[in-house]
Amino acid sequence: MMKRTRAKRQRMRRRMIRRMAWRMVISVMGITILVAAGKLTSLALKQLTVAGPQQKGQDTDTGEDLLTKEFEQKESSEAFGTKDILLVNKDHPLPESYQPDLKRLSAYGAEVDERIYDPLCRMLEDGEKEGLSFWIASSYRSTERQRELLDEDIDVLVHQGYSYSEAYEEVVRETMPVGCSEHATGLAVDIVSKNYQILDERQGTTKEILWLQEHCSQYGFILRYPREKEDITKVSYESWHFRYVGTDAAEKITSQGITLEEYLDSVE
């Protein structure tokens, strides 16, 4: 009888131990689940907090802020004051360290200073709306490329019987010495008729060049080397060479029929 009672007690003790063990397991699992849920809730709240300002910023950027940015970009590209106009000629060479911030016009395979990209595109697009067809014959040109062009033109004349000094003087009437070319600034472009791409007197009679000479100042450009101003610019007439100076200066220079050199002298 005592043996049966002892055995019964042992069985009851074992059942109690198993119950306690299961309760502990269940308690641990419950705590784990609660902790995990708390972490997920905290993470979700953090994401909502971060996403809120970003979404608000995105909404703002598509509204007034976007218009403000667009206005500021337009102002910065067209507010090209006198103090910002860079004079480059045979008497005012560029510093050797000068390097423009360039932007590529993929449609023309050309690079220009990023400040003139938008006005140049607008000018060409507006001309094309009039049925014109343009091509950019030359835009940004490194000093190394300028040296190559100068040497090539000099060699041609030397082979024709000119002395080197005679050839040099003749060539620099139209090809600028190294460091003195506006093309190295990225602010100048040679624009021609796509149907006639030769840089000669006839280029100046094409409808594309005639339109550009009449309207370029509206976009901030000037005809840089006009007729009968060679004694000032030291460069022969180039109907195709347009230089960006900003709309204010461009309209004054064009309306007065003066050169960039004369304009800068008048405002000093």
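Basis for what follows: all heavy atoms, side chains included, without hydrogens, waters or symmetry-related copies.
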Of Y244, F242, W240, which meets ring pair (Phe, Tyr, Trp, His ring centres under 6.0 Å) against F221? Y244
Under 4.5 Å between side-chain heavy atoms, chaining through other members, with only Ile, Leu, Val, Met, Phe, Trp and Tyr counted: pull out the rest of the cluster around I232, sorted by chain and number. none
State whether E125 and R122 are salt-bridged, where the test is any N-O pair (Lys NZ or Arg NE/NH1/NH2 against Asp/Glu carboxylate O) under 4.0 Å. no
Sub-6.0 Å ring centroid separation between Y225 and Y237: no
4.5 Å side-chain heavy-atom contact, L124 and L132: no
Partner residues of S217 under the side chain to side chain contact (heavy atoms under 4.5 Å, CB included) criterion, sequence neighbours left out: A250, E251, T254
Nearest 0.5 angstrom please: I222 CD1 to R243 CZ, how far? 7.0 Å
Within 45° of the ring axis of Y196 and under 6.0 Å from its six-membered ring centre, is that where the NZ or CZ of R202 lies? yes
Got a donor-acceptor contact below 3.5 angstrom from the T175 side chain to the V172 backbone? no
Charged N to carboxylate O below 4.0 Å: is that the case for E130 and K207? no
Do side-chain atoms of H159 reach the backbone of D155 as a donor and acceptor pair under 3.5 angstrom? yes
Stepwise salt bridge (Lys or Arg N to Asp or Glu O under 4.0 Å) check, D248 with K252: CA-CA 6 Å; D248 183 60; K252 291 177 181 177; 3.4 Å; yes
Mind checking whether L149 and I136 sit in one hydrophobic cluster, side chains of I, L, V, M, F, W, Y counted as touching below 4.5 Å? no
Look only at the side chain of Q203 and the backbone of I198, and say whether a donor-acceptor pair between them is shorter than 3.5 Å. yes
Do the side chain of K90 and the main chain of K234 share a donor and acceptor less than 3.5 angstrom apart? yes
Residues, nucleotides or ligands: over 12 heavy atoms within 6.0 Å of R104 CZ: yes
NZ/NE/NH1/NH2 to OD/OE distance under 4.0 Å, E182 and R224: yes
Determine whether a donor-acceptor pair (N or O, by modelled atom type, separation under 3.5 Å) exists between the side chain of Q146 and the backbone of A184. no
Quick check against the 3.5 Å criterion: does S139 have a side-chain atom that pairs as donor or acceptor with the backbone of E111? yes
Does F134 offer a backbone N or O that forms a donor-acceptor pair with the side chain of E208 under 3.5 Å? no
Polar contact flag, side-chain donor to acceptor under 3.5 angstrom, H183-D190: yes
Looking at Q218 and C216, would you say the former's side chain and the latter's main chain have a donor-acceptor pair under 3.5 Å? no
